[in-house]
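Inspection log for the structure reproduced underneath, given as structure tokens.
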Amino acid sequence: MSTNLEARPSSGEPVDDATAERLAVALRCVTVSREEVAEPDATAAQSSLDAEFRRLGAHLEESFPRVHAELELEKFGHSRLYTWRGIDDTRTAALLLAHQDVVPADEPDRWTHPPFAGVVDDEFIWGRGAIDDKSRVLALLEAAESALAAGLRPRHTIYLAFGHDEEVFGDTGAVQMAAHLRERGVHADLLLDEGGVITDGIVDDVRVPVATIMVGEKGYATVRLSVTDPGGHSSMPGRQTAIGRLARAVSRIQDHPMPLRVTPVVTDMLTRLRPHLPATKRRLLGFAGAAAPVVARILAATPQTESLVRTTTAPTVIHGGVKANVLPQQAEALINFRILPGDSVESVLAHCRRTVRDKKVRIESVGMTAEPSRDVVPGPQFDLIAALARQVAPEAAVTTGLVPGATDSRHYDDLAATRCNFAPIRLTAADLERIHGNDERLSRVNYARLIEFNRRLFTALAEPAPDS
């Protein structure tokens with residue numbers, strides 16, 4: 001059968017105006033997730049947010065009529081779980097994840113265009129969520145709509161799971177959808193979510209773009225250090241105030257990070273990149289086992305790559321004191337850790353206690369915690385995603401990696417044989433700074449590449465319809 005989804009070279013052409021506008025409309029929906037909304041504004045803020053999610057849902061249903069006629073849709077709050085039944089419904093081919101919520105845009109005056117205006121020009125689609133992550137929601141639906149129009153049907157069932165609270169850890173979205181799938185006994189061949197992209201000029205000494213397909217993610221923990229003290233007048237301080245004791249503890253933890261370690265996924269990543277490196281580095285990596293300490297030190301030289309070989313430490317919040325001439329009675333600090341596979345939340349806490357060595361500093365984890373991925377190796381379906389990446393970006397070197405942040409994938413980790421975090425959009429260092437930053441935007445060419453990638457994925461998972 002001949003269809004418009006047959007494998008063909010990626011053209012590098014931008015999306016047309018109608019396709020760009022469908023994404024732009026989604027960007028105009030202010031579906032902002034916040035961890036806390038202070039009273040008395042919480043009720044009004046939630047009502048406004050609910051209205052924005054309903055507006056986005058209505059836009060999706062109007063824009064993709066075949067998807068909403070032929071796929072089953074279940075809602076978990078504002079999260080949307082689509083079931084695309086396969087010809088053989090006893091197996092699940094894929095869980096394809098994306099999220100509808102976005103982070104706030106706290107400096108709108110510094111944007112070229114207002115963050116929720118959804119401006120489309122000749123080159124870019126501008127707005128909060130253009131990269132993270134509404135483009136992936138819309139691209140999956142664009143590809144599914146096209147596949148349905150072409151008469152394609154998956155051999156095995158495909159799920160599309162679009163969370164509504166990924167940016168605040170997914171407790172009422174992804175967690176609920178994953179539990180529902182677990183109860184159904186779903187176990188997919190492939191889990192695909194956000195995370196890796198194609199980068200330009202990021203990997204030292206590699207002159208071609210690098211497509212990094214993440215195969216796991218680091219864990220997450222926030223540790224609170226707190227000190228209490230009798231207080232008093234600043235004219236008669238003791239040897240150390242609560243703030244001084246706390247500052248010393250924070251300094252010790254920051255100055256003594258957790259040890260460097262080369263994990264198997266980093267070895268795999270470097271092995272795949274080795275052909276693209278200069279001769280000296282190729283020779284070094286030829287002795288990767290013996291040279292692991294040297295490799296770790298090289299990677300630790302920059303923040304972008306240090307996260308691959310260490311559980312990172314980031315003091316982020318500190319509170320204490322009420323007045324310049326009053327000794328503080330309480331002081332506390334928050335330190336955020338992104339945990340390398342092989343470490344754990346408990347080992348982070350043990351490291352902090354061992355490093356601080358002060359019984360007057362209370363050390364505890366607060367808020368959301370997540371352990372790192374367990375089996376961080378490319379699964380059986382990795383080669384499919386790698387092949388599709390090469391089809392839409394033939395100039396790129398394809399490798400593996402770890403997601404340094406937290407994604408909804410962690411809630412589904414036990415539901416698939418292969419996990420891949422990847423979207424084939426090509427970004428520079430400046431583009432990466434726009435994610436959660438100012439002037440977030442996606443080029444029309446990148447959006448076309450993203451849709452094409454998903455079309456090819458559905459084609460690979462489809463049973464061709466009989467020729468009419």
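A distance of 7.0 Å separates CG of L56 from NE2 of H59, quoted to the nearest 0.5 Å. Between the NZ atom of K360 and the CG atom of D229 there is a distance of 8.0 Å, given to the nearest 0.5 Å. Atom CG of L138 sits about 8.0 Å away from atom CD1 of I451, to the nearest 0.5 Å. Rounding to the nearest 0.5 angstrom, the gap separating the OG1 atom in T399 from the CG atom in L273 is 4.0 Å. Rounded to the nearest 0.5 Å, atoms OG1 (T172) and CE (M177) are 9.5 Å apart. Atoms CD1 and CD1, from I131 and I125 in turn, are 11.0 Å apart once rounded to the nearest 0.5 Å.
Under the 3.5 Å distance criterion, the side-chain polar atoms of E371 are matched with a main-chain donor or acceptor of V345. Here the side chain of T418 pairs a donor or acceptor atom with the backbone of Q381 at under 3.5 angstrom. No donor-acceptor pair under 3.5 Å is formed between the side chain of R224 and the backbone N or O of E364. Put simply, the side chain of H411 never gets that close to the backbone of Q176: no donor and acceptor are under 3.5 Å apart. S48 places no side-chain N or O within 3.5 Å of a backbone atom of A44 that could act as its donor or acceptor partner. In this structure a side-chain-to-backbone donor-acceptor pair under 3.5 Å is present from H351 to H256. R410 places no side-chain N or O within donor-acceptor distance of the main-chain N or O of P372, the cut-off being under 3.5 Å. Using a distance-only test at 3.5 Å, with no hydrogens or angles considered, a donor-acceptor pair links the side chain of R444 to the main chain of V15. Between the Q330 side chain and the T228 main chain, no donor and acceptor come within less than 3.5 Å of each other. Between the side chain of R80 and the main chain of H164, no donor-acceptor pair closer than 3.5 Å is present.
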Review point. Between D431 and T428, does a side-chain hydrogen bond (donor to acceptor under 3.5 Å, both in side chains) hold up when you go through it step by step?
Key: CA-CA 5 Å; D431 295 323; T428 65; 3.1 Å; yes
Check your understanding: Which is it for T316 and T222 under the side-chain contact (heavy atoms from CB on, under 4.5 Å) test, yes or no, and what are the steps along the way?
Key -> CA-CA 9 Å; T316 52; T222 299; 5.6 Å; no
Review point. After noting the C-alpha distance and the side-chain angles of V309 and V295, does the key distance pass the side-chain contact (heavy atoms from CB on, under 4.5 Å) rule?
Key: CA-CA 9 Å; V309 290; V295 171; 6.0 Å; no
Practice item. I would like to know whether S409 and E217 meet side-chain hydrogen bond (donor to acceptor under 3.5 Å, both in side chains); could you show each step before the answer? Key: CA-CA 9 Å; S409 303; E217 70 182 50; 4.7 Å; no
**Study point:** Full working for side-chain contact (heavy atoms from CB on, under 4.5 Å) between H187 and T92
**Key:** CA-CA 6 Å; H187 192 266; T92 300; over 6 Å; no
Exercise for review: Test side-chain contact (heavy atoms from CB on, under 4.5 Å) on S307 and R338 and set out the steps.
Suggested key: CA-CA 8 Å; S307 64; R338 302 304 173 101; over 6 Å; no
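Under a 4.0 Å N-O distance rule, the pair D358/R248 qualifies as a salt bridge. Residues E395 and R426 are paired through a salt bridge, judged by an N-O separation under 4.0 Å between the basic side chain and the carboxylate. A salt bridge between D343 and R261 is present, with a side-chain N of the basic residue lying under 4.0 Å from a carboxylate O of the acidic one. The residues R434 and E440 are annotated as not salt-bridged, no charged nitrogen and carboxylate oxygen being separated by less than 4.0 angstrom. In this structure, R128 does not pair ionically with E52, as no charged nitrogen and carboxylate oxygen lie closer than 4.0 Å. Between E123 and R441, none of the side-chain N atoms (NZ, or NE/NH1/NH2) sits under 4.0 Å from a carboxylate O, so this pair counts as no salt bridge.
Using a 4.5 Å heavy-atom cutoff, the side chains of T313 and I253 are in contact. With contacts defined as side-chain heavy-atom distances shorter than 4.5 Å, the pair P108/P114 does not qualify.
A side chain to side chain contact (heavy atoms under 4.5 Å, CB included) with L96 holds for exactly one of L191, D193, L457; it is L457.
Judged as a side-chain hydrogen bond (donor to acceptor under 3.5 Å, both in side chains), and not counting sequence neighbours, the contacts of H99 are D101, D132, E166, E194. With sequence neighbours left out, T305 forms a side-chain hydrogen bond (donor to acceptor under 3.5 Å, both in side chains) with T302.
Closest of all the heavy-atom pairs between V265 and G401 is CG2-O, 3.9 Å. For the pair D439 and H113, the tightest heavy-atom approach, listed with the atom from each and the gap, is OD1-N, 4.2 Å. In this structure, Q100 and F162 approach most closely via the heavy-atom pair NE2-O, 3.0 Å.
For CZ of R182, the number of neighbouring non-hydrogen atoms (other residues, nucleotides, ligands) closer than 6.0 Å is greater than 12. For R207, the CZ atom is loosely surrounded, since the number of other residues' heavy atoms within 6.0 Å does not exceed 12. Few gaps surround CZ on R184; more than 12 heavy atoms of other groups in view lie less than 6.0 Å from it.
Taking the six-membered ring for Trp and thresholds of 30 and 60 degrees, H78 and F53 have nearly parallel ring planes, at less than 30 degrees apart.
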